[in-house]
Amino acid sequence: MLLEAIYHRPKQNWAYAYDRNTIHVRIRTKKHDVNRISVYYGDKFDCWQGLEKTEAAPMTRLYQDELFDYWQAETVPPYCRLAYVFKLESGTETIWMTERGFQKEEPTPTKSWFEYPFLNPADIFTPPAWVKDAVFYQIFPERFANGDKSNDPEEVLPWGGEPAPDNYFGGDLQGVIDRADHLEELGINAIYFTPIFEATTNHKYDTKDYMKVDPHFGTNEKLKELVEACHKRGIRVLLDAVFNHCGYSFPPYVDVLEKGEQSVYKDWFHVREFPLRVVEGIPTFDTFAFTPMMPKLNTENPEVKQYLLDVARYWIEEVGIDGWRLDVANEVDHQFWREFRQTVKAVNPDAYILGEMFHEGMMWLQGDQFDAVMNYPFTYAMHDFFAERCIDGVQFAQAIEHQLASYPQQANEVMFNLLDSHDTARLLTLCGNDKRRMKLAALFQLTFLGTPCIYYGDEVGLDGENDPGCRKCMEWDKEKQDQELLDYYKRMIKLRHEHAALRTGRFRFLYAKEQDQVIAYERADEEEQFVIVVNNGTRRRSVRLPMAAGEWHNVLTGEMHQASGIKMPVPIEGMSAVILRR
């Protein structure tokens, strides 16, 4: 065994409370290096007489990436305390792993054992249960629908024109209310809005007033009407909190710009040198990227902190929103997010707190800050396999399983899985306008663990390169919509809603090989089992899969298949999928 590859530490994603009774324990080993692992565990005050006073749980090889195997066992400590060690076996070799390292002889309880000191209910990371059943829809308000011409910007252009960084088409909140039937018929039960508060741009990420809906979108009362209308349809509403930075028209920033060091707001920002200016392209104050129109807020300042926490509380209390998406979340200090969570959850314990993150986010997912992050590592793996086809099946499976191994199970269950957004090129464009590839990507997204999010217009065939191309006006002319694609999305979303196994069931790959564009995976719970085969290549294939004996129903064609309990051949056309349910 390669001991240098073996890794475990208590807490985070390696030993964590899944619920009030269960602690998940994980360990990492070199890929294909260890045959069997058991975790011996007991109460640290009750197993001094030897291993016979402990429980032995076999560990399952749960995930695998290009370098490592990741193993997991569920433990149920009788008295909430957990002391544990690992027994690793490979051929004739047996090694014990304790907190102090490796040894060949049986370890003495509980000296040097790992510990999960106590299963405190307050420490259990418990994201809102409703998110596991949600299918999100991201709306960029300025481009979704124009429902009220009276609040259009003066320079508004005819709907459907070419998007630019600084043009307007008049999308507003009334437009969303008017088109709510479309969302409900699609099967959407949660909306994420990009910013709606007063700002000077069409994207509104340069906030001027955090307590006021932008007049081009409507009023605070209109937002409340929208939220109430959504709730009547069973649709939750998530707003965008831009707390990392404000806009150049934000009054405290304007005051600092005018008064410099004499401003009472000078400590609301990170100023390196007065007066505020840009020197050779670099502002003398911290900003989002190097954009002087978006000065970074000092969230360690008590006044800034209180102001923003009041904002977070206000829109939940007064309007009834169901949570916040947090912009540039990884650049804000952890302590602010801890207080943010306490503030939000005190008002609505079921509020969903979602951080924007383009990388691994374990440090924000320990129950004290976010419920989930925008799962861009998942997005990139999906692009590589389905859209760009620059990786094969085994590389895709390794990328997905590496991501799953990075977080506790309850975080994976509510992870925000997106395929595109206002910050990326459209999925259809990434797929080279090949709707077959797009459908396969959407199928995986909608049958995978976590919370899927559809970017507005993907379902009717909107395309577009990176910003501003990805921010086109929504197409409402049915003659110009791809109705076949829309029907496909409706069918796949309906399938997800109807079967809990596709939302919260177990996930595992059944087939993924090198230089092969076919993958197969299983979603299963105590009631149902799904086997899904995806052929992202162009040739017709037949793959043999381990299938439980019995009758299997082809969800897409209605055909019945009989499995004998051995590997069953599953024929599949190029650029297509087979969904089997038992």
Side-chain angles (χ1 to χ4, degrees), residues 140 142 163-168 194-195 197-210 214 240-309 311 324-337 340 355-361 363-364 369-370 373-374 376-377 379-380 421-425 465-471:
F140 191 85
E142 217 284 319
D166 56 357
N167 63 6
Y168 295 84
T194 53
F197 304 128
E198 186 175 21
T200 64
T201 59
N202 56 31
H203 55 71
K204 311 301 179 190
Y205 278 99
D206 58 323
T207 314
K208 176 181 180 180
D209 189 341
Y210 288 87
D214 192 282
D240 208 322
V242 190
F243 288 174
N244 173 70
H245 56 271
C246 62
Y248 69 92
S249 58
F250 183 53
Y253 174 72
V254 173
D255 195 80
V256 177
L257 193 61
E258 294 175 350
K259 301 176 183 176
E261 289 188 82
Q262 307 309 312
S263 172
V264 295
Y265 297 106
K266 66 173 181 159
D267 292 329
W268 278 46
F269 306 93
H270 297 269
V271 182
R272 294 189 299 278
E273 183 181 331
F274 288 99
L276 305 186
R277 63 194 189 282
V278 177
V279 179
E280 297 182 350
I282 305 296
T284 61
F285 52 100
D286 290 339
T287 63
F288 168 67
F290 296 107
T291 310
M293 66 179 294
M294 294 181 178
K296 181 176 174 61
L297 290 162
N298 179 10
T299 48
E300 296 180 44
N301 179 285
E303 293 177 357
V304 174
K305 184 183 297 185
Q306 191 59 55
Y307 174 78
L308 296 177
L309 295 181
V311 170
W324 290 101
R325 180 265 192 186
L326 311 172
D327 189 57
V328 200
N330 58 327
E331 295 190 22
V332 177
D333 65 276
H334 288 279
Q335 182 57 30
F336 175 82
W337 290 135
F340 175 90
E356 182 194 27
M357 204 83 51
F358 285 83
H359 52 81
E360 189 268 330
M363 294 305 296
W364 291 265
Q369 296 172 70
F370 308 159
V373 295
M374 298 182 78
Y376 275 104
T379 309
Y380 299 146
S421 72
H422 65 290
D423 286 325
T424 72
E465 297 287 350
N466 287 307
D467 176 24
C470 58
R471 302 177 182 184

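Just so it is clear, the structure is predicted and the values come from calculations on it, not from any experiment. Each residue takes its place number in the sequence, starting with 1.
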*Asks:* Nearest 0.5 angstrom please: H422 NE2 to T194 OG1, how far?
*Replies:* 6.0 Å
*Asks:* So, N301 side chain and D267 main chain: donor-acceptor pair closer than 3.5 Å or not?
*Replies:*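 Yes: the side chain of N301 pairs with the backbone of D267.
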*Asks:* So among E303, H270, K266, which one has a side-chain contact (heavy atoms from CB on, under 4.5 Å) with N298?
*Replies:*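 Single side-chain contact (heavy atoms from CB on, under 4.5 Å) partner of N298 among E303, H270, K266: H270.
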*Asks:* Over 60° means perpendicular and under 30° means parallel, so tell me whether Y205 and H203 are parallel, tilted or perpendicular.
*Replies:* tilted
*Asks:* Locate the shortest heavy-atom distance separating V328 from H245; write the atom from each residue and the value.
*Replies:* CG2-CE1, 3.9 Å
*Asks:* For the residue pair Y248 and T287, confirm or rule out a side-chain donor-acceptor distance under 3.5 Å.
*Replies:*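 No.
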*Asks:* Ignoring hydrogens and geometry, is there a side-chain-to-backbone donor-acceptor pair from D255 to S263 under 3.5 Å?
*Replies:*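 No, because the side chain of D255 does not come within donor-acceptor range (under 3.5 Å) of the backbone of S263.
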*Asks:* Can you check whether L309 reaches F340 side chain to side chain, under 4.5 Å on heavy atoms?
*Replies:*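 L309 reaches F340 side chain to side chain.
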*Asks:* I'd like to know if the side chain of T284 reaches the main chain of E273, judged simply by a donor and an acceptor atom lying under 3.5 Å from each other, with no hydrogens or angles considered.
*Replies:*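 Confirmed, T284 side chain pairs with E273 backbone.
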*Asks:* So W364 and H334, do their side chains get closer than 4.5 Å, heavy atoms only?
*Replies:* yes
*Asks:* Parallel, tilted or perpendicular: which describes the rings of W268 and Y307, with under 30° parallel and over 60° perpendicular?
*Replies:*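 The rings of W268 and Y307 sit tilted, inter-plane angle from 30° to 60°.
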*Asks:* Would you mind reporting whether F285 and V256 have side-chain heavy atoms less than 4.5 Å apart?
*Replies:* no
*Asks:* In Å and rounded to the nearest 0.5 Å, what is the CZ to CE distance from F358 to M374?
*Replies:*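 Taking CZ in F358 and CE in M374, the distance rounds to 7.0 Å.
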*Asks:* The test is side chain to side chain donor-acceptor pair (under 3.5 Å); show your working for Y376 and S421 and say whether it passes.
*Replies:* CA-CA 10 Å; Y376 275 104; S421 72; 3.0 Å; yes
*Asks:* Taking all non-hydrogen atoms of both residues, which atom of C470 and which atom of T424 are closest, and how far apart?
*Replies:* CB-O, 3.0 Å
*Asks:* Grab the two heavy atoms, one from N202 and one from P165, that are nearest each other, plus how far apart they are.
*Replies:*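 Reported closest heavy-atom pair: ND2-O, 3.0 Å.
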*Asks:* Is a donor from one side chain sitting under 3.5 angstrom from an acceptor on the other, for N330 and H359?
*Replies:* yes
*Asks:* Mind checking whether Y265 and V254 have side chains closer than 4.5 Å, heavy atoms only?
*Replies:*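 The answer is no, as the side chains (C-beta and beyond) never meet within the 4.5 Å cut-off.
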*Asks:* Determine whether more than 12 heavy atoms belonging to other residues, nucleotides or ligands lie under 6.0 Å from atom NZ of K305.
*Replies:* yes
*Asks:* Do M294 and T201 have side chains that get closer than 4.5 Å, going by heavy atoms?
*Replies:* no
*Asks:* Which heavy atom in Y253 sits nearest to a heavy atom in C246, and how many Å separate them?
*Replies:* CB-SG, 4.4 Å
*Asks:* Does R325 come within less than 4.0 Å of D327, counting only side-chain N to carboxylate O?
*Replies:* yes
*Asks:* Decide yes or no on side chain to side chain contact (heavy atoms under 4.5 Å, CB included) for I282 and R272, but give the supporting numbers first.
*Replies:* CA-CA 11 Å; I282 305 296; R272 294 189 299 278; 3.9 Å; yes
*Asks:* Is atom CD of E465 surrounded by more than 12 heavy atoms (other residues, nucleotides or ligands) closer than 6.0 Å?
*Replies:*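 It does not: E465 CD has 12 such atoms or fewer within range.
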*Asks:* List the atom of P295, the atom of F269, and the distance in Å for their closest heavy-atom pair.
*Replies:*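 So the minimum-distance heavy-atom pair works out to CB-CD2, 4.1 Å.
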*Asks:* If you look at every heavy atom in L297 and L308, which pair is closest and at what distance?
*Replies:*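 Here L297 and L308 meet closest at CD1-CD1, 4.2 Å.
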*Asks:* Is the shortest side-chain heavy-atom distance between D423 and E356 below 4.5 Å?
*Replies:* yes
*Asks:* Does the ring center of Y210 lie less than 6.0 Å from the ring center of F250?
*Replies:*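 Aromatic pair counts; centres sit under 6.0 Å.
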*Asks:* Any chance you could measure D166, atom CG, to Y168, atom OH, to the nearest 0.5 Å?
*Replies:*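 So the CG of D166 and the OH of Y168 are separated by 7.5 Å.
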*Asks:* Output the distance between atom CZ (R471) and atom CG (N167), rounded to the nearest 0.5 Å.
*Replies:*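 R471 atom CZ to N167 atom CG measures 11.5 Å (nearest 0.5 Å).
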*Asks:* Are V311 and F243 side-chain neighbours, meaning at least one heavy-atom pair lies under 4.5 Å?
*Replies:* yes
*Asks:* Taking the side chain from D206 and the backbone from A199, do they hold a donor-acceptor pair closer than 3.5 Å?
*Replies:* no
*Asks:* What's the spacing between D214 CG and D209 CG if we round to 0.5 Å?
*Replies:*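 Answer rounded to 0.5 Å: 10.0 Å.
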*Asks:* Within the distance-only criterion (no hydrogens, no angle test), does the side chain of Q369 pair as donor or acceptor with the backbone N or O of M363 below 3.5 angstrom?
*Replies:* yes
